[in-house]
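Note that the coordinates shown come from a computational prediction; the quantities given were computed from them, not determined experimentally.
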Amino acid sequence: LTSVSGVGPKAALSILSVVSPEELAAAVAKGDEKRITAAQGVGKRIAQRVILELKDKMSLTDEDFSAGFAAGSEMPSGAAEKNHEAMAALGVLGFTSSEASAILRTMDTSDMSIEDIVREALKRSIK
């Protein structure tokens with residue numbers, strides 16, 4: 001989200017407080033700007049820009065995201081699956097797989113939901 005022109009960290013967090021990353025991906029795919037404008041401080045123009053700019057990024061395949069984790073990763077399979085989904089969500093939000101992977105490796109995601117992982121990753125990317 002922060003890669004979209006006019007969307008900063010505050011707007012990205014506002015959008016993610018209203019929709020989950022999966023719902024955001026669905027809204028972008030469908031062109032549903034009303035779902036995105038439900039976030040505080042996000043108007044029609046920004047929602048349209050989000051849809052326009054993220055549609056291209058959503059065409060990335062799962063292989064692009066899974067490439068971010070090395071084959072010799074020491075994460076348990078459940079954590080690896082959550083991180084894979086979080087990486088996919090971060091990819092939709094404009095992160096490259098290497099950026100998402102670097103952030104996720106610094107986090108203990110074992111007791112976090114996917115939504116919490118994405119929110120924490122966004123917070124860490126701001127710092």
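When each of Val4, Val42, Thr37 is checked for a side chain to side chain contact (heavy atoms under 4.5 Å, CB included) with Val50, only Val4 meets the rule.
Residues satisfying the side-chain hydrogen bond (donor to acceptor under 3.5 Å, both in side chains) test with Thr106, not counting sequence neighbours, are Arg124. The side-chain hydrogen bond (donor to acceptor under 3.5 Å, both in side chains) search around Asp108 returns Ser110, not counting sequence neighbours. Legend: residues meeting side-chain hydrogen bond (donor to acceptor under 3.5 Å, both in side chains) with Asp116, ordered by chain and number and at least two apart, are Ser113. Under the rule for a side chain to side chain contact (heavy atoms under 4.5 Å, CB included), the partners of Glu33 that lie at least two apart in sequence or sit in another chain are Lys44, Ala47, Gln48, Ile51.
Glu99 contributes a side-chain N or O that, together with a main-chain N or O of Thr96, makes up a donor-acceptor pair within less than 3.5 Å. At distances below 3.5 Å, not a single donor-acceptor pair connects side-chain atoms of Ser101 with backbone N or O atoms of Ser98.
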Tell me which donor-acceptor pairs under 3.5 Å the side chains of residues 6-31 have, and how far apart each pair is, sequence neighbours excluded?
unit_1 : atom_1 : unit_2 : atom_2 : d
Ser14  : OG     : Gln40  : N      : 3.2
Ser14  : OG     : Gln40  : O      : 2.7
Ser17  : OG     : Ser14  : O      : 2.6
Ser20  : OG     : Glu22  : OE1    : 3.4
Ser20  : OG     : Glu23  : N      : 3.1
Glu23  : OE1    : Ser20  : N      : 2.8
Glu23  : OE1    : Arg35  : NH2    : 3.2

| said: Walk me through whether Ser5 and Arg49 qualify under side-chain contact (heavy atoms from CB on, under 4.5 Å). | reply: CA-CA 7 Å; Ser5 176; Arg49 219 178 291 150; 4.0 Å; yes

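A pairwise comparison of heavy atoms in Val118 and Ala89 identifies CG2-CB, 3.8 Å as the closest pair.
In this structure, the separation between CD1 on Ile114 and CZ on Arg119 is 12.0 Å, given to the nearest 0.5 Å.
Taking 4.5 Å as the limit, every side-chain heavy atom of Leu104 sits out of range of all side-chain heavy atoms of Phe95.
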